[in-house]
Structures are given as structure tokens and as C-alpha cells.
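The structure under discussion appears below in the form of C-alpha cells.
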Amino acid sequence: VPAKVSVSTVKQAQNIRRFLRPVLPDDGEEITGARLGTLIHSVMEHVVCTGGDAVQAAERMLENKLLTKQEHSAVLKNREWIDGFLKTPLYARLRNAKRVLREQPFNLEVEADSIGYEGSGTMLVQGILDLAFLEDGWVLVDYKTDRVTKETLAQTAQGYAVQLALYARALAEITGIPVKERYLYFLRMQECVKV
């Protein structure tokens, strides 16, 4: 039993899906794959924080040297992924929330067998919550850049159930406030799925 694992590793260890390795682009090459997902997550954090849109957030991040020109271009090329979230009822609820957590890191001690590892003992699970907002309980939102279709949406969402359950457990245990709802927002498809 490892002493420490990430939420992503737990999910991967349970053979739910494979993670792409980050693509490190050369100058002039299109940014794709996991690297694009990381950039979109960063811009989403700024959008949720400031209340602006994808273009405004990307411009600020470029000015503050948080994005390169190439990264800025990649974000703008896919800005509808971000702006689609801003039109959802979920985002409207977030804007009225009592408290909002963005890209919140956490550590959670768990029993190894409770997350699918063989053997006894405890493990430290590390993760980062994309977004959570407080109403009369926490609402947890995780952004995904997976390529999904209407036919694969439900199966893909189910594949993330373990990950969201760990996020919800961590958030509830750390804050003492229950998680009342969990959502996946598929950015490419602009589809919100309750899990």
C-alpha cells in the first residue's frame, strides 16, 4: 500500500480510464490534449474569480505573463468551452453562493481498502477540487475536456464517479459541511451531468 496517492492515481489504478501525458508543444505547434485541458482549467479559475468571460480572462493572464502568446491563442480558439459554462444555471447559482472554492488542493487520510487498494493501513490522498460553492451544502463541480459524444456521455461520467466521491468526501470531512450535489461539466460538449 503506497503511503500517498493522488485522486487521479486512485482512479487510474481502478482501470476506469487512462490519462494522457501532457503535450509539451514546440513553438508554432498547436496545443492539444492534456496541455490544453490544463490551460482551460486555469482560465476557468480566473473567469469564476472575476466574473468576466474567456476573452477577458485570457487577456489579463497574457498581460500578467500567466499565458504565452501561443497558449493565449489556444484558449481563444476554444473559448466557447468556457463561455458555455457561463450560460448554465449552475454558474448562475455559483454567482449567488455564500462561498466559492476554486482549484482548491487537499490532503485526505483514508483507509487503503476504502478506495480499492488491497491491504490494510492508511494512505494520504491528494487532489485539487476544480470548483465548489456553498449554498445550504456544498455543490461540487469538476471540469472535463474529454472528447465525448451523446452516446458516450453517461459512461464517461460514470467513470469519474470514484474521483468525485473522493472529492466530496474530502470537502465534507475538511469543512464539516456535507456535499449536496456533484456535477461534471464537459467543456467540449458544453454539457453538465449530475453524478
Side-chain angles (χ1 to χ4, degrees), residues 7-8 11 34 36-64 66-67 71-106 127-195:
V7 169
S8 297
K11 183 176 177 295
L36 180 59
T38 300
L39 291 171
I40 295 293
H41 272 72
S42 295
V43 176
M44 286 291 286
E45 180 182 5
H46 280 78
V47 166
V48 169
C49 184
T50 63
D53 62 19
V55 173
Q56 293 166 334
E59 292 296 328
R60 269 192 308 276
M61 291 174 74
L62 180 64
E63 288 169 15
N64 292 322
L66 298 172
L67 291 177
E71 291 169 337
H72 175 265
S73 177
V75 167
L76 292 185
K77 185 176 173 184
N78 298 289
R79 67 181 173 266
E80 72 277 358
W81 299 0
I82 297 166
D83 289 339
F85 179 71
L86 305 181
K87 297 172 187 168
T88 64
L90 201 57
Y91 183 71
R93 288 171 61 190
L94 177 152
R95 299 302 297 164
N96 293 313
K98 302 173 189 175
R99 185 174 172 200
V100 179
L101 301 175
R102 299 168 299 276
E103 297 296 322
Q104 182 66 51
F106 69 86
I128 300 176
L129 303 173
D130 286 345
L131 176 66
F133 60 90
L134 187 59
E135 293 177 332
D136 57 335
W138 287 109
V139 177
L140 181 62
V141 182
D142 198 47
Y143 314 125
K144 298 298 177 194
T145 56
D146 299 49
R147 295 179 190 274
V148 292
T149 63
K150 290 189 183 294
E151 294 75 29
T152 62
L153 184 64
Q155 182 180 358
T156 304
Q158 185 57 41
Y160 285 108
V162 169
Q163 183 178 359
L164 283 181
L166 280 170
Y167 288 165
R169 179 176 170 183
L171 189 57
E173 287 187 22
I174 291 167
T175 65
I177 301 169
V179 174
K180 67 175 192 169
E181 296 170 35
R182 293 178 270 182
Y183 294 93
L184 290 167
Y185 185 75
F186 290 93
L187 291 149
R188 289 176 193 263
M189 196 175 180
Q190 298 178 38
E191 191 75 40
C192 192
V193 178
K194 190 172 183 179
V195 180

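With contacts defined as side-chain heavy-atom distances shorter than 4.5 Å, the pair Met189/Trp81 does not qualify. Using a 4.5 Å heavy-atom threshold, the side chains of Leu101 and Phe106 count as separate. Considering only heavy atoms from C-beta on, Tyr167 stays 4.5 Å or farther from Val179 through its side chain. Side-chain contact between Tyr160 and Val193 is absent, with no heavy atoms from C-beta onward closer than 4.5 Å. Side chains of Asp53 and Val47 form no contact here, defined as non-hydrogen atoms less than 4.5 Å apart. A 4.5 Å side-chain heavy-atom check between Asn96 and Phe133 finds every atom pair outside the cut-off. Residues Leu76 and Glu59 form a side-chain contact, since some pair of their non-hydrogen atoms from C-beta on lies under 4.5 Å apart.
Interatomic distance, NE2 of His41 versus OG1 of Thr145, reported as 6.5 Å (0.5 Å rounding). Atom CG in Leu164 sits 9.5 Å away from atom CG in Leu129 (nearest 0.5 Å). Rounded to the nearest 0.5 angstrom, Trp138 CH2 and Lys98 NZ are separated by 10.0 Å. Note: Arg188 CZ to Leu36 CG = 6.5 Å, rounded to the nearest 0.5 Å. Atom CD1 of Ile40 sits about 10.0 Å away from atom OG1 of Thr38, to the nearest 0.5 Å. Between Leu184 atom CG and Glu191 atom CD the span is 11.5 Å, to the nearest 0.5 Å.
The neighbour count for Arg169 CZ, taken as heavy atoms of other residues, nucleotides or ligands under 6.0 Å away, is above 12. The neighbour count for Lys180 NZ, taken as heavy atoms of other residues, nucleotides or ligands under 6.0 Å away, is above 12. A 6.0 Å sphere centred on CZ of Arg93 holds more than 12 heavy atoms belonging to other residues, nucleotides or ligands.
Summarising the geometry of Cys49 relative to Arg102, their closest heavy-atom pair is CB-NE, 3.5 Å, with the distance given to 0.1 Å. A pairwise comparison of heavy atoms in Gln190 and Gly84 identifies OE1-CA, 3.5 Å as the closest pair. Heavy-atom minimum distance, Thr152 versus Thr156: O-OG1, 2.7 Å. Among all heavy-atom pairs drawn from Ala172 and Pro178, the shortest one is CB-CA, 4.3 Å. Nearest heavy atoms, Glu103 versus Pro105: O-CD, 3.2 Å. The heavy-atom pair separating Val43 from Ala54 by the smallest distance is CG1-O, 4.2 Å.
When each of Val139, Asp142, Leu131 is checked for a side-chain contact (heavy atoms from CB on, under 4.5 Å) with Tyr183, only Val139 meets the rule. Screening His72, Arg60, His46 for a side-chain contact (heavy atoms from CB on, under 4.5 Å) involving Leu66 leaves a single residue, His46. When each of Leu39, Asp130, Leu187 is checked for a side-chain contact (heavy atoms from CB on, under 4.5 Å) with Met44, only Leu187 meets the rule.
Between the side chain of Thr175 and the main chain of Leu171, a donor-acceptor pair closer than 3.5 Å is present.
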